[in-house]
Amino acid sequence: MIFSSAVFIYYFLPILFLCYFLVPKKLKNFVLLLFSLLFYTLGEPEYILVLLLSCLINYFFGLLIEKKGKKRYLIIAILYNTLQLIFFKYTNFFIDNINLLFNINAQKIPIKMPIGISFFTFQALGYVIDVYRKRYKAERNLLNFMTYLSMFPQLIAGPIVRYSDISKELKERKVTFDTFAMGIRRFIFGLAKKVLLANTLGELLKYLVSSSVLTSILKPIIFTFQIYFDFSGYSDMAIGLGRMFGFTFLENFNYPLIASSITDFWRRWHISLSSWFRDYIYIPLGGNRVKKIRWIFNIMVVWFLTGFWHGASWNFILWGLYFGAILITEKLFLAKYLEKTKVLKYIYTLIIIFFSFLIFSSNSLGDITSELKIIFGLSKAPLINKEIIYYLRSYLVIIIISVIGSTPIIKKIIIKIKETKFKKIIDIMEPITYIMLLVLITAFLIDESFNPFLYFRF
Amino acid sequence: MKNKIITLSFLLYIFLFAFLGIIIKDKEISYEERRTLSLFPQFRYDSTYINKLEKYVLEQFPFRNTFRNIKGNFSYKVLNKLDNNNIYLKDNYIYKMEYRVNEKSIDYFVKNINKLRSLLTENNKTYIMIIPDKNYYNGEDLFLNIDYDYLYEEINKLNISNIDIRNILTKEDYYETDTHWRQESLDKVVKELSKELNFSYQNVSYEKHSYNNFYGVYYSEAGIKRKPETLTFLTNEVINKAKVNYLENSQLQTVYNINKLGGFDPYEVYLDGASAYIEITNDMAQNNRELVVFRDSFASSLTPLLINYYHKITLIDNRYISSNDYKNLINFDNQDVLFIYSTLVINSSYSLKG
């Protein structure tokens, strides 16, 4: 199931609210777990056992690692989680490449990837590693642990929530009108980002089929905005839903498209993933407290894995290595020069980001080179064509809203107005705006075809 | 206080629609959208069930048409989009953007026509008339169209007498909300046909019958509210007395099926809509000439106006019937054979049977 669906908004949520807020406190986690499992089962009925097994195994290994303190139990737990991920996500990729390398024809396995496996596996890995490092005590209560690992707001597309961030709330949490309303705000904004912006930009991309230089330049730019609103919208919804049930998840995005360098970008984009790789791969490899050559190696390993995490395909690996190389360049010398510029650093960052999403969205290396040829005028494609003019005109307002929406301008304006005598107008308008957005979102859902989230692939 | 209002209004909103969704009786048919709607799917333990459930909830959503109107109006008026789901509005007309010429489809069409020609004899005289879709007349260079020049060039390669009516039609000859042309505007097409098919055009008078609640197929897709338009069908003694034999509907023996006026698609009043094989005999004819029309739905409204000039007209809609199924019904000899297809069908021709 996805959040931006009528079944979720109008049936799953109301029934969950009724059950959750009517049962006594001690049953709340049970209700949350039950609905989380139902949420997963409705979307991925074949793999509910994979999730349950992951919960049980990591729960027991957590306890075992804490009790025995032996590395071998940690290694077994890491192996279990990693092999589970490799099996479901990467087996066919390896078969494909072995076939290609040795010119053989080994059969692919008829398997599809369980939704969200990349996210809950990383949460489980972080948990067992932290228990081994004695960062916190293993969770004794199986119900609480299962609620943590399978909690539906963050189950299938993150953010990757650390156990330490919500361990207290798993035992004791409070929902007030203030926290609940905060959750509603985030949830509706997230829904609006996904349904009104990301889906509409996705529709625009689908229409751009005739080649022109301008089309090839604009496609990765539009895709960047689409994936940003899609994924950050999902994170907003997850954070909002968490708040409605008394959980505080850390932020996953912080206006990444206004970053002043790629280093800055990765502090703002998919924060829970980059901090996971930092804490569980980069630092254990030695981080930057090693010789320069080893440090470069560490960074490239981390970014190879980051790319590969996004999908079992070479373009994702290239995408990761591309960022690794740029981050190294920035850290070695480029950052110093960029800091001195006022505007150039933003333009530089955006160009690097847009190009990265050209790699990200391509199906093959051939696709990337042919798009580059068009962009640099090395093909027969015209500079501009009727199609791109039409669609730019048609989607101009959406594009402008997307550009403004990717910056904190509106937020800042509202804060400023709140400091003036017009605060009352904002207070009156706010609830009306949410209902209007919900009506609009529902109208778009009704009129649209089914649009699954982009990040479900990962 | 504000947070209480936000919380309560949100809860009220979602609970209200959930409640309405449960108590409002499911509709099997949407006349506004001209289609059947999903009913509650029987539970199955598989990953497709949730999609079926979502489709059902969306299709049976309370005030669905109002929500579709909100989306349509928001797209056109607030987002300033030129089209909504490829539907665009201009001067009260609703158009569906038919974009990108489908070269493979045109190739398939040409091959299909050649297959049909192989059924004919040397005595048959063949003609082709391509009907431009309404977009051809939108009077605007902005919207994306198919490459008509390419399409006509490819059709010309068939080497059949091509009756080019592009210059005699205008957008007013089409319905505002539908894909089709208006029967009452087609006299000039008959005149044009008379020149090529060599029959003497007569200034025939007709009695006009109006249906004032016509919403065309594009209206159902546009997601906007507007007034219905008038659909007119023409009768006279020749049309009224014509004997009509529908292969699939032996009950019906008239040119018009007025029962269709209150249905999904009132345009089906003309020759019963989608009919695979129809024979029309005109005993009042002054000659023995016969006409065979291979056609799509545009011919349904045109053909009644041709009855006057032929003793017998046979209509074959080869989207619904293949030659194996009608070869025993017709004996090709010296009939005039007219291929009438709209650019819409030519650009999406895979349903045509040989």
Side-chain angles (χ1 to χ4, degrees), chain A residues 1-2 5-11 13-15 17-18 41-47 112 176-185 187-188 196 200 203 207 209-210 386-387 389-391 393-398 401 427-428 430-432 434-435 438-440 442-448 450, chain B residues 1-22 44-47 49-51 53-59 61-75 78-86 88 97 99-100 141-145 223:
Chain A
M1 202 188 317
I2 59 172
S5 66
V7 175
F8 181 80
I9 301 167
Y10 292 102
Y11 292 96
L13 263 190
I15 298 169
F17 285 148
L18 272 182
T41 308
L42 280 169
E44 202 72 293
E46 301 95 331
Y47 287 129
K112 66 168 190 159
T176 64
F177 275 112
D178 291 344
T179 58
F180 199 88
M182 192 67 81
I184 292 170
R185 285 184 182 95
F187 180 68
I188 294 177
L196 307 183
T200 312
E203 176 189 275
Y207 289 134
V209 282
S210 298
K386 204 178 159 186
E387 179 187 280
I389 295 169
Y390 175 81
Y391 283 114
R393 238 182 106 170
S394 194
Y395 284 79
L396 188 64
V397 174
I398 277 284
I401 295 172
D427 287 347
I428 295 166
E430 207 187 340
I432 300 168
Y434 295 135
I435 295 300
L438 268 179
V439 168
L440 211 52
T442 308
F444 270 64
L445 287 178
I446 284 174
D447 199 59
E448 259 176 11
F450 190 66
Chain B
M1 183 63 188
K2 186 176 71 179
N3 286 334
K4 271 190 189 169
I5 294 171
I6 290 173
T7 304
L8 295 175
S9 59
F10 172 75
L11 292 176
L12 187 71
Y13 175 87
I14 59 169
F15 275 97
L16 180 70
F17 276 98
F19 179 69
L20 289 175
I22 292 165
R44 280 184 57 175
Y45 193 79
D46 68 31
S47 55
Y49 181 74
I50 187 69
N51 298 344
L53 191 64
E54 177 69 10
K55 192 166 179 272
Y56 159 77
V57 171
L58 289 176
E59 291 189 3
F61 204 82
F63 314 113
R64 174 178 165 85
N65 289 318
T66 310
F67 278 105
R68 288 183 62 237
N69 290 337
I70 290 171
K71 159 77 180 349
N73 283 312
F74 186 78
S75 298
V78 181
L79 296 181
N80 210 15
K81 278 182 73 185
L82 297 173
D83 70 87
N84 179 36
N85 302 333
N86 286 326
Y88 62 94
M97 208 156 58
Y99 173 52
R100 288 186 77 76
D141 196 35
L142 171 69
F143 296 101
L144 301 169
N145 287 335

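Letters A, B, ... mirror the listed sequences (proteins, then strands); counts begin at 1.
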Are A:I188 and B:F10 side-chain neighbours, meaning at least one heavy-atom pair lies under 4.5 Å? yes

Could you state the interatomic distance from CD1 (A:I446) to CD1 (B:I70), rounded to the nearest 0.5 Å? 8.5 Å

Between the side chain of B:K81 and the main-chain N/O of A:I398, is any donor-acceptor distance below 3.5 Å? no

Report which part of A:I389 has an atom under 4.5 Å of a heavy atom belonging to chain B: side chain, backbone, both, or neither. neither

Measuring from A:D427:CG to B:K2:NZ, what's the distance to the nearest 0.5 Å? 4.0 Å

Out of A:F187, A:Y47, A:Y391, which one racks up the most heavy-atom pairs below 4.5 Å with chain B? A:Y391

Look at A:R185, A:E387, A:E46, A:E203 and state which one has the largest set of heavy-atom pairs under 4.5 Å with chain B. A:E387

Please work out whether the ring planes of B:F15 and A:F17 are parallel, tilted or perpendicular, with thresholds of 30° and 60°. tilted

Separation of B:I14 CD1 from A:L438 CG (nearest 0.5 Å): 8.0 Å

Heavy-atom proximity to chain B below 4.5 Å, by part of A:I432: neither

My understanding is that only residues two or more places apart in sequence, or in another chain, count here; which of them pass side chain to side chain donor-acceptor pair (under 3.5 Å) with B:R100? A:S210

Mind checking the CG-NZ spacing from A:L196 to B:K71? Nearest 0.5 Å is all I need. 10.0 Å

What is the minimum heavy-atom distance between A:L445 and B:L58, and which atoms define it? O-CD1, 3.6 Å

Using 30° and 60° as the class boundaries, would you call the ring planes of A:Y10 and B:Y13 parallel, tilted or perpendicular? tilted

According to side chain to side chain donor-acceptor pair (under 3.5 Å), who are the partners of B:K4, at least two apart in sequence or on a separate chain? none

Are A:I401 and B:L79 close enough that some pair of their side-chain heavy atoms sits under 4.5 Å apart? yes

To the closest 0.5 Å, what do you measure between CG (A:L42) and OH (B:Y49)? 8.5 Å

What pair of heavy atoms forms the shortest contact from B:V78 to A:V397, and how long is it? O-CG1, 4.0 Å

What distance do B:D141 atom CG and A:K386 atom NZ have between them, rounded to the nearest 0.5 Å? 4.0 Å

With chain B as the partner, which of A:P431, A:G43, A:P45 has the greatest number of non-hydrogen pairs under 4.5 Å? A:P45

Do you know which of B:N80, B:N86, B:L16 has the most heavy-atom pairs under 4.5 Å to chain A? B:N86

Pair count under 4.5 Å, heavy atoms only, with chain B: among A:Y434, A:F8, A:Y207, A:F177, highest is A:F177

Is the closest side-chain heavy-atom distance between A:T41 and B:Y45 below 4.5 Å? yes

Kindly indicate whether the side chain of A:D447, heavy atoms from C-beta on, has any atom under 4.5 Å from the side chain of B:N85. yes

What residue, out of B:Y88, B:F17, B:F74, has the most heavy-atom pairs lying under 4.5 Å from chain A? B:F74

Are any of the side-chain heavy atoms of A:Y390 and B:D83 separated by less than 4.5 Å? yes

